[in-house]
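Start at 1 and go down the list; that is how both ligands and their atoms are numbered.
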Amino acid sequence: MSLNVIDGRQLAERLVEEMAEEVKTRTALGYQRPGLAVVLVGEDPASAIYVRNKIRTAEKAGLHSVVTHLDASCSQQALDDIVTDLNERDDIDGILVQLPLPAHLSEERIINLITPEKDVDGFHPMNVGQLATGQAYLVPCTPLGCLEILKREVGDLSGKHAVVVGRSNIVGKPMASMLLQANCTVTVVHSKTVDAVSLCKQADILVAAVGVPELLDSAWVKPGAVVLDVGINAIEKDGKRKLVGDVNFADVADICKAITPVPGGIGPMTIACLIKNTLVAAKQRGVKQPVVKAR
Ligand code: GUN
């Protein structure tokens, strides 16, 4: 089978360019430049890289962006105050608090505190409920990126058997909801599933989001399947640090129809979808630029 490695970087760049055009058009019509606020707590190196990439992409799309960096030892009250202020600011359309938070801070509290209209992560229970009931408005960025890829690679998803490996709130659960909404037959496989391998082997579309390096090899994949690898795992191989996904790329590549690489697959699409969500939130809020009165 001729292998199709899906270039997530190129696809994301195209999406960001399209959105930059849209931002230009909207600002020319007098709307406020869409604003994204990112809050980072602590010094986790992976989180710092993610935040830097998010801000860089927001700037490429012409968004106004604000980063707040708090010390790892900050209090829950200090973090709550930052989010409350961002909720009230007119120039901010989207708020993202980078997860995970240090153990003494409550992620649940922060997810619930961000106003649903600015929840560009799609993690607030109101947005989760809207997705589950088919009224999606702001939905989690990683599964949204996966869906954008599937629309291009597969087209109509109706009747396809999609298997999602992993049941996290960030990827697995919303991914399953979105695929169901797109008329797939959906199976969710997790750590307590009996015979996960044979269930995955039936998938037309296989989404791996478990966080276990190279867990899925060719025994898990049906010939001709489309495989989306959401995992980003740092491992040591031959004395070198390396990023790998949840799929054993070399073993699976020969049998699948298309596959996303790690890095350069789902990661850039997740960031492009964050920008997309910020635009959705900005359009919904519809804030105009302040009128400057002539003296
Ligand atoms: N950490 C890892 N992925 C994500 C994400 O999609 N959103 C936030 N806020 N934190 C993350």
Side-chain angles (χ1 to χ4, degrees), residues 8 12 15 36-58 63 65-70 72 74 79-80 82-83 86-87 92-103 105-128 131 136 138-149 164 166-178 207-212 228-234 243 245-246 260 262-263 265-278 280-281:
L15 269 177
L36 172 67
V38 178
V39 181
L40 174 64
V41 185
E43 308 300 332
D44 178 65
S47 290
I49 292 171
Y50 291 140
V51 167
R52 201 181 322 132
N53 288 340
K54 284 169 185 175
I55 294 300
R56 204 175 283 163
T57 309
L63 267 56
S65 61
V66 177
V67 185
T68 308
H69 191 176
L70 297 173
C74 81
L79 181 57
D80 289 0
I82 296 283
V83 170
L86 293 169
N87 277 342
I92 296 301
D93 298 292
I95 304 169
L96 179 145
V97 177
Q98 186 67 28
L99 304 178
L101 292 172
L105 300 172
S106 165
E107 290 185 0
E108 191 179 287
R109 183 179 166 86
I110 287 303
I111 286 168
N112 283 283
L113 187 61
I114 295 172
T115 189
E117 292 75 22
K118 296 188 179 187
D119 169 35
V120 283
D121 259 328
F123 294 166
H124 189 284
M126 199 189 96
N127 287 322
V128 174
L131 172 59
L138 292 170
V139 300
C141 303
T142 302
L144 184 58
C146 291
L147 208 66
E148 289 283 341
I149 288 177
V164 180
R167 53 175 161 171
S168 70
N169 291 339
I170 294 184
V171 186
K173 287 180 198 161
M175 185 79 258
S177 286
M178 283 184 215
V207 182
V210 265
V212 179
L228 303 187
D229 191 352
V230 176
I232 303 181
N233 311 290
L243 285 184
D246 293 346
T260 57
V262 177
I266 302 298
M269 286 300 288
T270 296
I271 300 184
C273 287
L274 171 65
I275 309 304
K276 187 174 179 167
N277 274 349
T278 308
V280 167

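Minimum interatomic distance between Thr260 and Gly265 (heavy atoms only, all atoms of both residues): CB-CA, 4.1 Å.
Side-chain contact between Val97 and Val38 is absent, with no heavy atoms from C-beta onward closer than 4.5 Å. In this structure, Cys273 and Pro143 have side chains that are not in contact, with every pair of non-hydrogen atoms separated by 4.5 Å or more.
A distance of 8.0 Å separates CD1 of Ile111 from CG of Asp119, quoted to the nearest 0.5 Å. Considering CG of Leu99 and CG of Asp44, their distance stands at 11.0 Å, rounded to 0.5 Å.
With no hydrogens or angles considered, no side-chain donor-acceptor pair links Ser106 and Glu108 at under 3.5 Å.
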Could you list, one pair per line, each nitrogen or oxygen of ligand 1 together with any protein nitrogen or oxygen closer than 3.5 Å, giving atom names and the distance rounded to 0.1 Å?
| residue | atom | partner | partner atom | Å |
| --- | --- | --- | --- | --- |
| ligand 1 | 1 (N) | Gln98 | NE2 | 3.3 |
| ligand 1 | 1 (N) | Leu99 | O | 2.8 |
| ligand 1 | 7 (N) | Asp121 | OD1 | 3.0 |
| ligand 1 | 7 (N) | Asp121 | OD2 | 3.4 |
| ligand 1 | 9 (N) | Val97 | O | 2.9 |
| ligand 1 | 9 (N) | Asp121 | OD2 | 2.6 |
| ligand 1 | 10 (N) | Leu99 | N | 3.0 |

